[in-house]
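Here is the structure we will look at, set down as C-alpha cells.
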Amino acid sequence: MAIYDTRRRRSKFYIGLCYACVATGLGWLALILGTLLFEGFRGLSPAVFTQMTPPPGSEGGLKNAIVGSLIMTFLGVAIGTPLGMLAGTYMAEYGRHSKLTLVVRFINDILLSAPSIVIGLFIYEVMVVKMGHFSALAGSVALAVIVVPVVVRTTEDMLLLVPDTLREAARALGLPRSIVIGKVAYRAARAGLITGVLLAIARISGETAPLLFTSLNNQFFSTNLNAPMASLPAVIFQFALSPYKEWQQLAWTGALLITLAVLVLSVAARMLQVGRPGK
Amino acid sequence: MASRFCTESWIREGLPSFFPLPAVRICEWPDHWLRGAQLAGLADAPCKTTEKNAVANNLAIDNAGRESAEARLANALVGFKLRDNAFRLLTQTAAWTVLILLGGVIASLIVGSMPAIRAFGLNFLSTEAWNPVTEKFGAMAPVYGTIVTSLIAMAIAVPVGLGIAIFLTELCPYALRRPIGIAIELLAGIPSIIYGIWGLFVLAPFLQEHVQPGLISAFANVPVLSGLFAGPPYGIGVLTAGVILAIMVLPIVSAISRDVFETVPAVLKESAYAVGCTTWEVVRSVVIPYTSVGIIGGVMLGLGRALGETMAVTFVIGNAHRIAPSLLAPGTTISATIANEFTEAVGDLYTSALIALGLILFVITFFILAISRYLLMRLHQREGL
C-alpha cells in the first residue's frame with residue numbers, strides 16, 4: 001500500500017506541475033496582452049491616424065507608418081501569393097509523387113522557419129546594392145519571400161484535402177487537368193487557400209527584421225515605391241529604444257495596432273477553417 | 001475515327017495506376033469528351049436548352065455534320081493539351097523558384113561575405129574582438145550570445161511546453177481543449193517586435209528589481225553559479241533575452257508536442273491504465289517514449305526559431321560585443337548585431353563582416369531545421385503506415 005501511495009503522490013505532483021505550466025503559459029499571454037492593451041489604448045486617438053511621425057519631443061501620429069505598412073504588406077502578398085499557390089499546386093496536383101515535390105517540401109519547410117533577418121540580407125544584396133538605394137519595393141520583395149513558404153505549405157495541404165474522387169469525376173467528363181484544378185480543386189479548397197493568405201498577411205504584418213535594411217524608414221509621408229518608406233514595425237523599433245516619452249507612447253500604440261491586426265487575421269483564418277468540414 | 005490525341009498515356013496521366021484502362025483502343029470520340037469540352041467552354045455546345053433538344057441535336061449530327069463536329073473537337077483538344085501543358089510548366093517553374101530562392105539566399109550571403117572571409121579566414125570564428133575603427137572583426141561574441149540565449153530559452157520552454165502539451169492531451173476537460181489550444185497558438189502568432197517592446201518596458205525592469213538581486217545574493221557563495229549570476233543587475237542582458245526567447249518558443253514546442261502526443265494510440269494508453277499505472281506513469285512510460293522522435297523534432301524546430309530570432313532579442317540584450325561569464329551582463333547575438341549595426345556600417349569590410357555573421361547564422365539554423373524536419377517527416381511516415 002505504501003508503494004501505491006508514493007506512486008499516487010508522485011503522479012499528483014507531476015500533474016500539478018503540468019497545471020502550473022499551463023498557468024504560466026496563459027499567464028504570459030494575459031500579461032503581454034494586458035500591458036499592450038493598457039499602454040496602447042492610452043495613446044490611441046484620431047491623431048494617430050491623421051498625423052505624421054513627429055520629431056523628438058513633440059506630439060504626432062503614425063499615419064505615414066500605417067500607410068507604408070499597408071502598401072508594403074499588400075505588395076508583398078501580391079507578389080508572393082501567386083508564386084506560392086502555383087508551387088503548392090504543382091506539389092499537390094501534378095508532381096504528387098515526384099522527387100521535386102519531396103525536395104521542395106523539405107526546403108520550403110526550412111524557408112518557413114529561416115531567420116527573417118537573413119532574408120533581409122539576401123534582398124539587400126540582390127536589390128538594394130544593385131539599385132544603389134533603399135526602397136519600398138525591396139521591402140515588399142523581402143516580405144514576399146516570407147509569404148511564399150507560408151502559402152506553398154497551406155496550398156499543398158489544402159489541395160491534398162480535396163477528395164480524389166472529385167478530381168476523378170471531373171476527369172471522367174474529359175476535362176484536362178488544368179481545368180480540373182482551376183474549376184474543381186481550387187473551388188473545393190477555396191476556404192483553405194484564403195486561410196493561407198490570411199496567415200501569410202498576419203505573419204508579415206509584424207515582420208521587422210527584413211525591412212530594416214531594405215525599405216529602411218522614412219520620417220515623411222511617401223508613396224514612392226522607389227524611395228525608403230516608413231513601416232509600423234520599423235517605427236516601433238526606432239521609437240521604443242528612444243529616450244523620449246512621446247515616441248515611446250507612439251511605439252506602444254503602434255504595437256497595439258499591429259497586434260490587433262494580427263489577432264483579427266488569425267481569428268478570421270481560424271473561423272474559415274472551422275467552417276470547412278461542414279461543407 | 002482514329003484519334004491522334006487519344007493515346008493511352010494521355011488518359012493514364014491523370015488516373016491512379018490501379019485504374020483499369022479499357023482493353024479496347026478507343027476509336028471514336030466518346031460523347032462525354034464532347035460534353036467535357038462544352039463544360040469547359042472550349043467547344044461550341046450543340047444545344048444549351050433542354051435535354052430533348054440535345055437528343056435531337058445529337059441525332060442531327062450524323063454523317064455530314066459529323067465531319068465538322070470532329071474538326072471542332074480536334075481543335076478543342078489541341079487547345080486543352082496546350083493549356084494543360086502550359087499550366088503544368090507554370091506550376092513546375094514556381095516549384096523550382098522555391099528552390100532557387102534558397103539557393104539565392106545562400107549564394108548572396110556567400111558573395112556578400114567574401115571580403116570578410118578573405119580578410120580574416122577561419123580566424124573570424126575564433127576572434128572575440130569587434131572593432132569597426134580598426135576594422136578587426138570576429139564572430140565569437142555574437143555566436144556565443146546566440147547559443148547561450150537559445151540554450152536558456154530551451155531550458156525554460158521545453159519543460160513548460162511539454163507540461164502544456166501533456167495537460168492538453170491527457171488532463172484537460174474536453175470543453176477546454178480548444179480554447180486553451182487556441183490561446184497558446186495565439187501566443188505563437190504575436191509578432192516578435194511585440195515581445196521585444198514588452199521585454200524592454202515590462203520584463204527587464206521587473207527582473208532588475210525583483211529577480212536578479214535575489215539570484216545574485218542566493219548564489220553568491222556557490223562556486224560555479226556565483227560566476228554565472230554576478231555583477232550589477234542591469235535588467236537587460238543575456239538572461240532577460242533568454243527569458244523572452246523562452247516565451248516566444250513556448251507555443252511552438254507545446255503545439256508540436258501536442259500534435260505528436262495525439263498520435264499515441266488510445267489502446268496503448270488504455271492498456272497501461274488497465275495494469276494499474278498512474279496518469280504520470282502512463283505519460284512517462286508510454287506517451288513520451290512513443291513520441292520521443294517527434295518531441296525532439298519539435299524541440300529542434302523551437303531551437304531553430306530561437307537561434308534566428310531578431311527583434312525580441314535586440315531590444316533586451318544590451319548589444320555589448322564581449323563574452324561575459326555572467327548571465328546578467330549585456331551581450332549580443334548574431335541577429336541583434338546585424339539589426340543594430342547594418343544600416344550604420346561604413347566600409348565594405350564592416351558590411352561584409354555583418355553579412356558573414358548572417359551566413360554563420362543561416363548555416364547553423366539550416367542544419368538544426370533540417371534535422372528537425374527530417375525527424376518530424378519520419379514520424380509522419382510511420383504514422384502513415
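The structure presented is a predicted model; accordingly, all values stated were derived computationally and were not measured.
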Between [X] and chain A, which part of the residue has a heavy atom less than 4.5 Å away: side chain, backbone, both or neither?
X         : result
Pro159(B) : backbone
Ser372(B) : neither
Val202(B) : side chain
Ile197(B) : both
Ser335(B) : both
Ile166(B) : side chain
Thr279(B) : both
Leu301(B) : side chain
Gln92(B)  : both

Find the one option among [options] whose heavy-atom pairs under 4.5 Å with chain A are most numerous.
options                                    : value
Leu168(B), Ile193(B), Val111(B)            : Ile193(B)
Thr93(B), Ile182(B), Leu200(B), Val282(B)  : Ile182(B)
Ile184(B), Leu250(B), Leu171(B), Thr365(B) : Leu171(B)
Val105(B), Leu354(B), Ile190(B)            : Val105(B)
Phe366(B), Phe362(B), Phe315(B)            : Phe315(B)

So for [X], is it side chain, backbone, both, or neither that comes closer than 4.5 Å to the heavy atoms of chain B?
X         : result
Leu199(A) : neither
Ala202(A) : neither
Leu83(A)  : both
Val22(A)  : both
Leu36(A)  : side chain
Val262(A) : side chain
Leu17(A)  : neither
Leu256(A) : neither
Leu263(A) : side chain
Val152(A) : side chain
Ser113(A) : both

| query | For atom CZ of Arg42(A), is the number of surrounding heavy atoms from other residues, nucleotides or ligands below 6.0 Å larger than 12? | reply |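 Yes, the 6.0 Å shell around CZ holds more than 12 heavy atoms from other groups.
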| Roughly how far, to the nearest 0.5 Å, is CD1 of Ile164(B) from CD1 of Ile180(B)? |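 So the gap between those two atoms works out to 9.0 Å.
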| request: Would you please say whether a donor-acceptor pair under 3.5 Å links the side chains of Thr278(B) and Tyr4(A)? | output: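 No, no side-chain donor-acceptor contact under 3.5 Å.
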| Do Ser98(A) and Thr101(A) have side-chain N/O donor and acceptor atoms under 3.5 Å apart? |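 Note: Ser98(A) and Thr101(A) side chains meet the donor-acceptor criterion.
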| request: Return the orientation label for the Phe213(A) and Tyr124(A) ring planes: parallel under 30°, perpendicular over 60°, tilted otherwise. | output: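 Taking Tyr124(A) first and then Phe213(A), their aromatic rings stand perpendicular (interplane angle over 60°).
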| request: Determine the interplanar angle of the Phe201(B) and Trp252(A) rings, folded into 0 to 90°, and report it as parallel if under 30°, tilted if 30 to 60°, perpendicular if over 60°. | output: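 The rings of Phe201(B) and Trp252(A) sit tilted, inter-plane angle from 30° to 60°.
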| said: I need the residue from Ala20(A), Cys18(A), Ser266(A) with the largest number of non-hydrogen atom pairs under 4.5 Å to chain B. | reply: Cys18(A)
| message | I'd like to know if Asp5(A) pairs up with Lys12(A) as an ion pair, taking the criterion as any Lys NZ or Arg NE/NH1/NH2 lying under 4.0 Å from an Asp or Glu carboxylate oxygen. | response |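 Salt bridge between Asp5(A) and Lys12(A), a charged N being under 4.0 Å from a carboxylate O: no.
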